[in-house]
Student: 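Structure incoming, see below.
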Amino acid sequence: MTTDDAWRRTAHERGDTVTINVDGEPVHAWTGETVAAAMLTAGAAFERDRDRAPRAPLCNMGTCFECAATVDGRPLTRTCLVPVREGMTIATPGRL
């Protein structure tokens with residue numbers, strides 16, 4: 001493998017458009033992306049910490065829990081690990 005092969009981009013096409021619900025607001029996303037990516041792209045807020053400082057995904061691989069939210073009724077779900085699907089409900093308040 002040459003250095004050029006190591007940095008070759010793979011083809012990426014977006015999947016179908018879906019709509020998820022984040023704190024009562026519709027957020028448009030594409031199948032194949034994570035809930036965290038959809039929320040970040042849409043500018044949706046993640047929870048704030050106890051000092052009211054904003055939180056957001058840090059690692060995007062499920063280690064830090066900064067992106068945790070309630071997804072379809074399941075609390076403390078790491079949104080960076082969950083692929084979007086039509087009609088999902090995400091709630092960020094009261095996570096801590």
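Owing to the predicted nature of the structure, the values given are computational and were not obtained by experimental measurement. No hydrogens, no waters, no symmetry mates; every other heavy atom, side chains included, goes into these values.
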Student: Kindly list each side-chain donor-acceptor pair under 3.5 angstrom involving residues 77-85, sequence neighbours excluded, with atom names and distances?
Tutor:
from: T77; atom 1: OG1; to: R74; atom 2: O; distance (Å): 2.7
from: R78; atom 1: NH1; to: G62; atom 2: O; distance (Å): 2.6
from: T79; atom 1: OG1; to: C67; atom 2: O; distance (Å): 2.9
from: R85; atom 1: NH2; to: D72; atom 2: OD2; distance (Å): 2.6

Student: Looking at every heavy atom in both P75 and T70, which two are closest together, and how far apart are they?
Tutor: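 Looking at all heavy atoms of both residues, the shortest contact is CA-OG1, 3.6 Å.
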Student: Residues two or more places apart in sequence or in another chain: which of them pass salt bridge (charged side-chain N to carboxylate O under 4.0 Å, His left out) with D23?
Tutor: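 By the salt bridge (charged side-chain N to carboxylate O under 4.0 Å, His left out) rule, D23 matches no residue at all.
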Student: So do the side chains of N21 and T19 get within less than 4.5 Å of each other, counting heavy atoms only?
Tutor: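 Sidechains of T19 and N21: no contact.
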Student: With T89, which residues qualify under side chain to side chain donor-acceptor pair (under 3.5 Å), at least two apart?
Tutor: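 If we apply the side chain to side chain donor-acceptor pair (under 3.5 Å) test to T89, skipping adjacent residues, there are no hits.
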Student: Without placing hydrogens or testing angles, list every side-chain donor-acceptor pair under 3.5 Å for residues 32-46, not counting sequence neighbours.
Tutor:
from: E33; atom 1: OE2; to: W30; atom 2: N; distance (Å): 3.1
from: T34; atom 1: OG1; to: A37; atom 2: N; distance (Å): 3.1
from: T41; atom 1: OG1; to: A37; atom 2: O; distance (Å): 2.8

Student: Which pair of non-hydrogen atoms, one from L58 and one from C64, has the smallest distance, and what is that distance?
Tutor: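 Nearest heavy atoms, L58 then C64: CB-SG, 3.6 Å.
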